[in-house]
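Throughout, a chain's letter reflects where its sequence line sits, starting with A, and its residues are numbered from 1.
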2 protein chains.
Amino acid sequence: MEKLVSTTLADRAFDMLEAAIVSGELAAGERLSEAMLARRFGISRGPLREAIGRLEGKKLVERTTHIGPRVTSLAPEDLLELFYIREALEGMACRLAAEKLSAAGILELEALLAEQAKAADVNAGVGYFQAHGDHDFHFRIAEASGNRKLTNLLCGDLYSLLRLYRYRSSLRVGRAKTALNEHRAIIKALRSRNGDKAEEAMRAHIRNSRTSIEKALREAAVDAKELDGAVK
Amino acid sequence: MEKLVSTTLADRAFDMLEAAIVSGELAAGERLSEAMLARRFGISRGPLREAIGRLEGKKLVERTTHIGPRVTSLAPEDLLELFYIREALEGMACRLAAEKLSAAGILELEALLAEQAKAADVNAGVGYFQAHGDHDFHFRIAEASGNRKLTNLLCGDLYSLLRLYRYRSSLRVGRAKTALNEHRAIIKALRSRNGDKAEEAMRAHIRNSRTSIEKALREAAVDAKELDGAVK
DNA sequence: CAACTGCCAACTGTCAACAGTTTTATTGAC
DNA sequence: GTCAATAAAACTGTTGACAGTTGGCAGTTG
């Protein structure tokens, strides 16, 4: 048996499509032509269709009959709705992590945070932080919950959905430093092994993220209106 | 335009399969033969495959290459993990509902509860309560949250997953009356428009459900062990 | 010049057939 | 009688082709 890569074509198509979608290579709302994608991946339309079906089940693409599949496009309200879900789920994950995390695990988190602090300093807290560091931090805590279904839901489904919405990094200038402090508070709560405090620390963090985005969205809406008025 | 039912074959197959799975007609862990299902639905394997793909994305079926799709089977630990997720999400839904629910909405909930109380009395609180009433109650609150993504996640994905695990109703004897009281407490918190209280009331309710199931599972495990010993 | 009608190309939905793998049944040996 | 090996049956993965629908383009008409 040399076929260690016994993945089916549909599997590979699924992975490639998901990667292309969350990376933004396939823009939100873009129509996916089956024939084109089939040529691009070098496979037939059958497996491709199955892959698209799976993505549809994951809410990453939507379909309308005879017109074709499109990448799910998230309205600003949808993004905010997802943040309420994140607050609930990551709060729970953080509570569980506080009860289960090993001393070594906490040290790892602190090391990660120290690295982020450096990066945040270097970049004056703009893009990088949100892109990689924040992500990793939340990932680790989700995994530390020890709840596999919760971890999969957060890291697998929810985060790929969140990435569909590409907010301009300018929306978040100045948030990085605050967020870093909130991460410190979370680790402190984790170290105390207090589930209540850990959950509340995480929820406050995500709540603040949400209000920050809400504010940015309002400002963006105002700008758009002014621009619209100017054009007219 | 008389073709209001422009559903595709794959859509119908998806609906029928999902219904068959959550109703238990297709048992958990059962292997799904594509040819058999295609004959049964009177369609070809193409659309069927796509429907199965969607269910796979929804985590209702799992696939292994060249062996075929099987209905996802939930271990007891998986069930408990789902209850932690429920606690987080429904707690959040209840908080949002407390802030948004109209007076009329609260009256509807109370009416529903009164109906359940009658049914619970009649059946001495065994099967019916859990099967319909509890479900409806939680559904309504999820919808009242006003958060569409949250509602879909709870009512669409999570509940169909939960139904995969068919606990014998005997596991829950005596829980019905307690649960009814907990529902009353939830409504009381909703009426007070206090998000914190509403969230905590719902979380306590689901936590109690979980501990009740944990206890029942432990007892069932002991019984199984004794039975196993007797057989040997 | 604008709007409507009819046609055409492109695409999606569906199917039947082929290739490779797994499972089962049969056969033979010990 | 049991076990192993081989062959056949059944099933999944994949493909290419066909039918029905959608959207756009050109031509025509008011």
Checklist line | Distance in angstrom units between B/R63 CZ and C/dT22 P, rounded | finding: 16 Å
Note to self: What is the distance, to the nearest angstrom, from the CG atom on B/L32 to the P atom on D/dC11?
What the structure shows: 13 Å
Item checked: Pairs satisfying salt bridge (Lys or Arg N to Asp or Glu O under 4.0 Å), at least one member in residues 88-101 of chain A, at least two apart -> A/R86-A/E90, A/R95-A/D196, A/R95-A/E199
Next item on the list: Would you mind reading off the distance between A/R31 atom CZ and C/dA10 atom P, rounded to a whole angstrom?
Entry: 14 Å
Checklist line | Chi angles and distances behind the side-chain contact (heavy atoms from CB on, under 4.5 Å) call for A/L55, A/V71 | finding: CA-CA 9 Å; A/L55 290 171; A/V71 179; over 6 Å; no
Next item on the list: Could you check which residues of residues 40-60 of chain A get a heavy atom under 4.0 Å from DNA chain C? Sort them by number, please.
Entry: A/R45, A/R49
Checklist line | Presence of A/S33 side-chain N/O under 4.0 Å of C/dA10 phosphate oxygens OP1/OP2 | finding: no
Check: Can you list every side-chain hydrogen bond (donor to acceptor under 3.5 Å, both in side chains) pair that touches residues 21-30 of chain B, not counting sequence neighbours?
Finding: B/E25-B/R40
Margin query: Taking the minimum atom-to-atom distance to the side chain of B/H66, which one of D/dG13, C/dT14, C/dT12 wins?
Written below: D/dG13
Checklist line | Length of the CZ-P vector between B/R39 and D/dA10, whole Å | finding: 11 Å
Item checked: Any residue meeting side chain to side chain donor-acceptor pair (under 3.5 Å) with B/R45, in chain and number order, not counting sequence neighbours -> B/E34
Note to self: Expressed as a whole number of angstroms, how long is the span from A/L9:CG to D/dT14:P?
What the structure shows: 4 Å
Check: What is the distance, rounded to the nearest whole Å, between atom CZ of A/R12 and atom P of D/dG13?
Finding: 13 Å
Notebook entry, point to check: Which residues satisfy the ring-ring contact (aromatic ring centres under 6.0 Å, His included) test with A/Y84, sequence neighbours excluded?
Noted result: none
Checklist line | Partners passing ring-ring contact (aromatic ring centres under 6.0 Å, His included) against A/F41 (at least two apart in sequence or in another chain) | finding: none
Notebook entry, point to check: With sequence neighbours left out, what residues match A/A88 under side-chain contact (heavy atoms from CB on, under 4.5 Å)?
Noted result: B/A88, B/L89, B/M92
Ignoring hydrogens and angles, write down the donor-acceptor pairs under 3.5 Å from the side chains of residues 13-20 of chain A, residues two or more places apart or on other chains.
from  : atom 1 : to    : atom 2 : distance (Å)
A/E18 : OE2    : A/K58 : NZ     : 2.6

Notebook entry, point to check: Nearest-Å distance, CD (B/E34) to C1' (D/dA10)?
Noted result: 12 Å
Item checked: Electrostatic pair A/R63-B/D11, nearest N-O below 4.0 angstrom -> no
Check: Does B/T65 put a side-chain nitrogen or oxygen below 4.0 Å from OP1 or OP2 of C/dT21?
Finding: no
At a cut-off of 3.5 Å, list every protein nitrogen or oxygen paired with a nitrogen or oxygen from nucleotides 5-7 of chain D, distance to 0.1 Å.
none

